[in-house]
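One structure is given here, and the rest of the page talks about it.
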Amino acid sequence: MAIEPPFFEKYKAILQSSANEKEKPSTVEGFEELELPLIDLSHLNLGPLERQECIEKMGQAAIEWGFFQIVNHAVPDELLNRLKQEQIKVFQQPFDKKSEYNFLNLSVQSYRWGNPLATSLRNLSWSEALHISLKDISKMDEYNKLRSTIEEYAEKANFLAQRLAEYLAQNLGIKANYFQENCSPSSSSLRMNRYPPCPYPSMMFGIIPHTDTDFLTIVSQDQVGGLQLKRNGRWVSVKPNPKALVVNIGDFYQALSNGVYKSITHRVIANQETERYSAAYFYCPTYETVIESCSKPSLYKKFSFKEYREQIQKDVKATGDKVGLSRFLL
């Protein structure tokens with residue numbers, strides 16, 4: 001049975017319309033490839049000067065790039081490889097099974113593909129994903145190996161995300177226990193992505209341009225590459241480093257930092273030849289947590305995760321776009 005989502009059937013009209021256009025927009029050609037700032041977390045365990053230098057380097061990357069990559073992060077390679085193998089097994093199942101109402105006993109729409117609101121190739125994501133709210137992991141009893149691997153990875157990723165968030169907070173005067181008080185392991189989520197080979201890689205994306213809603217995202221990716229981010233008003237490609245984890249600032253940390261740290265628009269380009277896998281851990285607060293800027297005058301009015309999520313849903317329904325933090329500017 002076919003494992004691929006029925007992109008051609010679902011988006012037939014869009015594909016035909018684009019094929020008839022005389023000028024086909026290129027999304028991927030001619031972009032400069034850059035390496036993200038590299039942070040070696042082992043320096044946190046050296047002397048006080050090395051530790052402070054590491055924390056400052058992290059903060060500078062969050063200000064200037066909104067992205068950085070980390071090594072010596074204490075998430076074992078064996079665990080990351082096991083997570084990827086389990087991820088491959090999930091996505092290699094028949095599409096009819098993946099799209100079942102209660103696939104893996106998870107919440108409705110945990111399995112996602114394409115973009116149901118797409119009106120053109122420019123807002124169509126040529127990818128499939130399994131988005132798992134960590135509070136749902138206990139429902140996966142019948143899938144012990146996948147469940148235990150996700151639980152093990154989520155525990156490591158949560159500990160790492162909290163540490164990183166706390167180090168970044170030191171530069172801002174945010175109290176040390178802020179994240180411990182407002183983020184629980186069950187409030188975060190894990191999104192496993194697969195990007196199938198795409199027949200029109202110059203005309204569409206693997207994932208359309210967006211920012212992340214959370215405080216921090218930690219991404220494990222393979223060597224295929226495809227991540228691009230907006231830097232100084234232009235798109236640049238990120239050179240893949242399979243030995244590192246990629247970290248990026250989310251909307252909530254930009255608001256919390258009063259615009260000091262940047263939640264940067266990013267996307268994934270499609271690849272004609274090779275499938276790509278990645279796994280993103282979204283470090284989120286509880287639904288009731290109120291996000292308020294840490295300094296005055298505030299750029300943003302305070303809002304809860306719940307309010308932010310509801311605004312996104314309204315905007316996506318009305319415009320097809322998330323809009324995001326600009327809705328909460330003062």
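Residue numbers start at 1 and run along the sequence shown.
Residue Asp315 is tested with Arg309, Arg327, Lys322 for a salt bridge (Lys or Arg N to Asp or Glu O under 4.0 Å); the sole match is Arg327. Test Asp40, Leu38, Leu160 against Ile70 for side chain to side chain contact (heavy atoms under 4.5 Å, CB included) and you get one pass: Leu160.
Grouping the Ile, Leu, Val, Met, Phe, Trp and Tyr side chains by contacts below 4.5 angstrom, directly or via other members, places Ile39 with Ile55. Leu325 is not connected to Leu330 by any chain of hydrophobic side-chain contacts under 4.5 Å among Ile, Leu, Val, Met, Phe, Trp and Tyr, and they are in different clusters. Cluster annotation: Ile88 is connected to Leu130 through the hydrophobic network of ILVMFWY side chains, with a link wherever side-chain heavy atoms come within less than 4.5 Å. Linking ILVMFWY residues whenever their side-chain heavy atoms come closer than 4.5 Å, directly or via other members, places Tyr300 and Ile249 in the same cluster. Tracing side-chain contacts under 4.5 Å through hydrophobic residues (I, L, V, M, F, W, Y), one reaches Leu190 starting from Leu79; they form part of the same cluster.
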TODO: Please report the C-alpha distance between Phe303 and Gln311 in whole Å, then the side-chain angles of each, then the deciding distance to 0.1 Å, and finally whether the side-chain contact (heavy atoms from CB on, under 4.5 Å) criterion is met.
DONE: CA-CA 10 Å; Phe303 56 85; Gln311 184 63 56; over 6 Å; no

TODO: Please lay out, stage by stage, how Arg194 and Glu4 fare under the test salt bridge (Lys or Arg N to Asp or Glu O under 4.0 Å).
DONE: CA-CA 10 Å; Arg194 173 180 175 260; Glu4 300 292 2; 2.8 Å; yes

Open item on the list: Assess the residue pair Glu78 and Arg82 against the criterion (salt bridge (Lys or Arg N to Asp or Glu O under 4.0 Å)); give the C-alpha distance rounded to whole Å, side-chain angles, the decisive distance to 0.1 Å, and a yes or no.
Closed with: CA-CA 6 Å; Glu78 180 277 329; Arg82 194 162 16 110; 2.7 Å; yes

Task: Worked verdict on Phe252 versus Tyr283 for ring pair (Phe, Tyr, Trp, His ring centres under 6.0 Å) - done: CA-CA 10 Å; Phe252 289 166; Tyr283 185 57; over 10 Å; no

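At most 12 heavy atoms of other shown residues, nucleotides or ligands fall within 6.0 angstrom of atom NZ in Lys156. Heavy atoms from other residues, nucleotides or ligands lying under 6.0 Å from CG of Asn45 number more than 12. In Phe159, the CZ atom is not crowded: 12 or fewer heavy atoms of neighbouring residues, nucleotides or ligands sit closer than 6.0 Å. Summarising the local packing, CD of Gln170 is surrounded by more than 12 heavy atoms from other residues, nucleotides or ligands at distances under 6.0 Å. Remark: Gln180 CD is loosely packed, at most 12 non-hydrogen atoms of other residues, nucleotides or ligands lying under 6.0 Å away.
Here the side chains of Asn182 and Thr286 are not in contact, with every heavy-atom distance at 4.5 Å or above. Residues Leu164 and Leu41 meet the side-chain proximity criterion, which asks for heavy atoms closer than 4.5 Å. Inter-residue side-chain proximity for Arg147 and Ser138 is flagged as met; some heavy-atom pair is nearer than 4.5 Å. Considering only heavy atoms from C-beta on, Arg276 comes within 4.5 Å of Leu227 through its side chain. Considering only heavy atoms from C-beta on, Leu44 comes within 4.5 Å of Arg163 through its side chain. Residues Leu36 and Leu229 form a side-chain contact, since some pair of their non-hydrogen atoms from C-beta on lies under 4.5 Å apart. The shortest side-chain heavy-atom distance between Tyr178 and Cys294 does not fall under the 4.5 Å cut-off. Between Gln272 and Pro197, the closest side-chain pair of non-hydrogen atoms is not below 4.5 Å.
One distance of note links CD1 of Ile291 with OG of Ser257; it measures 11.0 Å at 0.5 Å rounding. Rounded to the nearest 0.5 angstrom, Leu299 CG and Phe328 CZ are separated by 14.5 Å. The distance from atom NZ of Lys98 to atom CD of Gln92, rounded to the nearest 0.5 Å, is 7.0 Å. Rounding to the nearest 0.5 angstrom, the gap separating the CG atom in Leu104 from the CD1 atom in Ile150 is 8.0 Å. Interatomic distance, CG of Leu168 versus CG of Leu256, reported as 10.5 Å (0.5 Å rounding). Taking OG from Ser295 and CG from Leu172, the interatomic distance works out to 8.0 Å, rounded to the nearest 0.5 Å.
Using a 4.0 Å cut-off between a side-chain N of Lys or Arg and a carboxylate O of Asp or Glu, Arg191 and Asp212 do not qualify as a salt bridge. Here Lys239 does not pair with Glu33 in a salt bridge; the nearest charged N to carboxylate O distance is not below 4.0 Å. Under 4.0 Å is where a charged nitrogen must lie from a carboxylate oxygen, and between Glu310 and Lys314 no such pair does. Of the charged side-chain nitrogens involved, none lies within less than 4.0 Å of a carboxylate oxygen, so that Glu307 and Lys302 do not count as a salt-bridged pair. Using a cutoff of 4.0 Å between basic side-chain nitrogens and carboxylate oxygens, Glu86 and Lys89 are scored as salt-bridged.
Counting only distance, with no hydrogens or angles, the side chain of Asp136 and the backbone of Ile132 share no donor-acceptor pair below 3.5 Å. Asn158 places no side-chain N or O within 3.5 Å of a backbone atom of Glu155 that could act as its donor or acceptor partner. In terms of modelled atom types and a separation under 3.5 Å, the side chain of Lys230 and the main chain of Ile264 share no donor-acceptor contact. Checked by atom type and distance alone, the side chain of Asn105 pairs as donor or acceptor with a backbone atom of Lys139 at under 3.5 Å. In terms of modelled atom types and a separation under 3.5 Å, the side chain of Gln87 and the main chain of Ser278 share a donor-acceptor contact. Remark: the backbone N or O of Val260 is paired with a side-chain donor or acceptor of Lys262 at under 3.5 angstrom. For the pair Tyr11 (side chain) and Asn115 (backbone), a donor-acceptor distance under 3.5 Å is present. In terms of modelled atom types and a separation under 3.5 Å, the side chain of Ser187 and the main chain of Cys183 share no donor-acceptor contact. Looking only at distances, a side-chain donor or acceptor of Gln254 sits under 3.5 Å from a matching main-chain atom of Ser263.
At a cut-off of 3.5 Å, with distance as the only test, no side-chain donor of Ser304 or Lys306 sits close to an acceptor on the other residue. Neither side chain, Ser125 nor Ser127, offers a donor N or O lying under 3.5 Å from an acceptor on the other. A donor and an acceptor atom, one from each side chain of Ser110 and Ser107, are nowhere located under 3.5 Å apart. Gln162 and Glu166 are linked by a side-chain donor-acceptor pair at a separation below 3.5 angstrom, with hydrogens and angles left out of the test.
Taking the six-membered ring where the residue is Trp, Tyr153 and Tyr281 present perpendicular rings, their angle passing 60° and hence far from 30°. Ring geometry, Trp126 versus Phe7: the interplanar angle falls under 30°, so the pair is classed parallel (tilted spans 30 to 60°). Ring pair Phe95/Trp113 is perpendicular by interplanar angle, where above 60° counts as perpendicular and below 30° as parallel.
The nearest pair of heavy atoms linking Lys97 to Phe103 is O-CD1, 3.3 Å. Nearest heavy atoms, Pro185 versus Leu134: O-CD1, 3.4 Å. Taking both residues in full, the closest heavy atoms of Tyr253 and Ala169 are given as OH-N, 3.1 Å, listed atom of the first, atom of the second, then distance. The shortest heavy-atom contact between Ile218 and Ala157 is CD1-O, 3.8 Å. The shortest heavy-atom contact between Ser298 and Ser293 is OG-CB, 3.6 Å. Scanning all heavy atoms of the two residues, the minimum distance from Phe179 to Ala165 falls at CE1-O, 3.4 Å.
Ring centroid separation for the pair Tyr261 and Phe215 does not come in under the 6.0 Å cut-off.
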